[in-house]
Protein chains: 2
Amino acid sequence: MDKTKTTRNTAAKTAVLEILTQSKIALSHTEIQKQTNDLCDRVTIYRILDRLVNDDIIHKIVNLDGTVKYAKCHHHAQRVHIHNHAHFSCEKCLEITCLENVKPSYIIPHNYKVNEINFTLSGLCPNCLNSNN
Amino acid sequence: MDKTKTTRNTAAKTAVLEILTQSKIALSHTEIQKQTNDLCDRVTIYRILDRLVNDDIIHKIVNLDGTVKYAKCHHHAQRVHIHNHAHFSCEKCLEITCLENVKPSYIIPHNYKVNEINFTLSGLCPNCLNSNN
DNA sequence: ACTTTAATGCAACATTGTTGCAAGTTAAAT
DNA sequence: ATTTAACTTGCAACAATGTTGCATTAAAGT
Ligand SMILES: [Mn+2]
Ligand SMILES: [Mn+2]
Ligand SMILES: [Zn+2]
Ligand SMILES: [Zn+2]
């Protein structure tokens, strides 16, 4: 029943994953594309990102302003990529970072079944907070 | 200095606000447009929604899947519309509702200045949870 | 009524993401 | 090493969503 379709390692996929692994911040599709130097088509990057998300290797973040970014967590206490943490969106430099230690607590609403949570904080990141200009 | 530009009450603005006031769930631009019966142009609705958000009369919700919706809170203990609450996104009926009583608690990360929070839960709403099919 | 300027309609454009299909490539089986 | 299945890619075409410029209309204060 569980027809697990195998995923293949291609040059493009390796490049995209490497870019995300090196980055300290979450990247958008366009930002990733720029870093690949036209190694592959725009559509291919969309499909690679979809695959990586499906395989739980990276995760997708939708920001307050609607921009979509992708990130690979840097902590790896577990062998799987867990992303039930908060994200921080800087209003000034627009960078999005995983706050891998910040996990919100809340009272589960009655009659609702919660499968997934998304918690995004926005404001000023440490960089922009120090250089106040 | 504070050149507060005045906002005007037009037929279109009144209609859009009425639609949002009547709705129990958050609505997308397209859903709002359908309910207006071509009272005004598509672009006008975008601009009206921007104004209403700017004036803090309604608020904008970006869902996990990237869809953008707008809502007017129904509670009104205060006279201003406060929206620091959680939102619930049903995976089945795709409806988004304000959980006006659910507010997450969290440990403020060091060196970050938090101005705004966004907390979205997704799963099954009471309706879809009961009618399990 | 007059005046100011916010609001609208329309067309044109930009961005982001999706889909179908032929051709290319990976990795396993032989 | 060759063969082969099916996963992956490029390309073109499309769709959805949102933005901008500008001439015209209309709201609200005088
Ligand atoms: Mn993360
Ligand atoms: Mn709300
Ligand atoms: Zn910053
Ligand atoms: Zn539901």
Side-chain angles (χ1 to χ4, degrees), chain A residues 1-20 25-71 89 94 96 118, chain B residues 1-20 26-71 89 94 96:
Chain A
M1 289 295 113
D2 193 357
K3 202 57 156 291
T4 37
K5 77 155 67 174
T6 64
T7 184
R8 293 178 182 178
N9 287 319
T10 64
K13 181 183 167 186
T14 306
V16 168
L17 187 53
E18 183 64 14
I19 287 166
L20 284 171
I25 58 175
L27 301 173
S28 68
H29 167 271
T30 310
E31 290 166 336
I32 292 168
Q33 194 190 2
K34 277 172 190 157
Q35 288 196 39
T36 57
N37 270 67
D38 290 315
L39 172 72
C40 65
D41 192 77
R42 200 170 70 84
V43 179
T44 301
I45 296 179
Y46 276 115
R47 296 199 260 226
I48 288 172
L49 290 171
D50 282 348
R51 259 181 285 151
L52 290 172
V53 167
N54 266 315
D55 295 348
D56 262 318
I57 296 169
I58 63 173
H59 62 277
K60 185 176 179 175
I61 307 160
V62 177
N63 197 16
L64 300 187
D65 61 7
T67 55
V68 173
K69 304 223 175 184
Y70 298 87
S89 167
L94 301 182
I96 295 180
N118 179 284
Chain B
M1 290 299 107
D2 193 357
K3 201 57 155 289
T4 37
K5 79 154 67 174
T6 65
T7 185
R8 294 178 183 177
N9 286 319
T10 65
K13 181 183 168 188
T14 305
V16 168
L17 188 53
E18 182 63 15
I19 288 166
L20 285 171
L27 300 174
S28 69
H29 167 271
T30 309
E31 290 165 336
I32 292 167
Q33 194 191 2
K34 277 172 190 157
Q35 288 196 40
T36 58
N37 268 67
D38 289 315
L39 171 71
C40 65
D41 193 75
R42 200 169 71 84
V43 179
T44 301
I45 295 179
Y46 276 115
R47 297 199 259 227
I48 288 171
L49 290 171
D50 282 349
R51 259 181 284 151
L52 289 173
V53 167
N54 266 315
D55 294 349
D56 262 319
I57 296 170
I58 63 171
H59 63 278
K60 184 176 178 174
I61 308 161
V62 177
N63 197 16
L64 301 186
D65 62 6
T67 54
V68 174
K69 303 224 174 181
Y70 299 87
S89 167
L94 303 180
I96 296 180

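Keep in mind the model is a prediction, meaning the values are calculated, not measured. Proteins come first, then strands; the chains are lettered A, B, ... in the order of their sequence lines, and each starts at number 1.
Considering only heavy atoms from C-beta on, B:Ile45 comes within 4.5 Å of B:Ile32 through its side chain. Here the side chains of B:Ser28 and B:Thr67 are not in contact, with every heavy-atom distance at 4.5 Å or above. Side-chain atoms of A:Val68 and A:Lys60, non-hydrogen and from C-beta on, do get closer than 4.5 Å to each other. Two residues are said to be in side-chain contact when any heavy atoms from C-beta on lie closer than 4.5 Å; A:Ile96 and A:Ile61 meet this criterion.
The CD-P distance, from B:Glu31 to D:dG18, rounds to 12 Å in whole Å. In this entry the distance linking OH of A:Tyr70 with C1' of C:dT16 reads 10 Å, nearest Å. Between the CG atom of A:Asp65 and the P atom of D:dT19 there is a distance of 11 Å, rounded to whole Å. When rounded to the nearest whole Å, the span between CD of B:Gln33 and P of D:dT17 equals 10 Å. Taking atom OH on B:Tyr46 and atom C1' on C:dT15, their separation rounds to 12 Å, with Å as the unit. We find that CG of A:Asp55 is positioned 13 Å from P of D:dC7, with the value rounded to whole Å. Following rounding to the nearest Å, A:Leu49 (CG) and C:dT16 (P) show an atom-to-atom distance of 14 Å. Rounded to a whole Å, the NZ atom of A:Lys34 is 12 Å from the C1' atom of C:dT15.
For the atom pair CG of A:Leu20 and CG of A:Leu27, the computed distance is 5.5 Å after rounding to the nearest 0.5 Å. Residue B:Leu39 holds its CG atom at 8.5 Å from CG of B:Asn37, rounded to the nearest 0.5 Å.
The side chain to side chain contact (heavy atoms under 4.5 Å, CB included) test applied to A:Thr14 returns no partner, not counting sequence neighbours. The salt bridge (charged side-chain N to carboxylate O under 4.0 Å, His left out) search around A:Lys69 returns A:Glu31, not counting sequence neighbours.
The distance between the ring centers of A:His29 and A:Tyr46 falls below 6.0 angstrom.
Annotation for A:Leu64 and B:Val62: closest pair O-CG2, 3.0 Å, computed over non-hydrogen atoms.
Within the structure, no pair that satisfies the salt bridge (Lys or Arg N to Asp or Glu O under 4.0 Å) test touches residues 39-54 of chain A, not counting sequence neighbours.
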Contact pattern, 5' to 3', of nucleotides 4-14 of chain C - B, S or - by protein heavy atom under 4.0 Å: -BBSBBBB---
Taking N or O atoms only and anything under 3.5 Å, show me the protein contacts with nucleotides 28-30 of chain C, one pair per line.
none

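One end of the helix from C:dA1-D:dT30 to C:dT30-D:dA1 points its axis 40° away from the other end's axis, with each axis taken from 5 pairs and the angle rounded to 10°.
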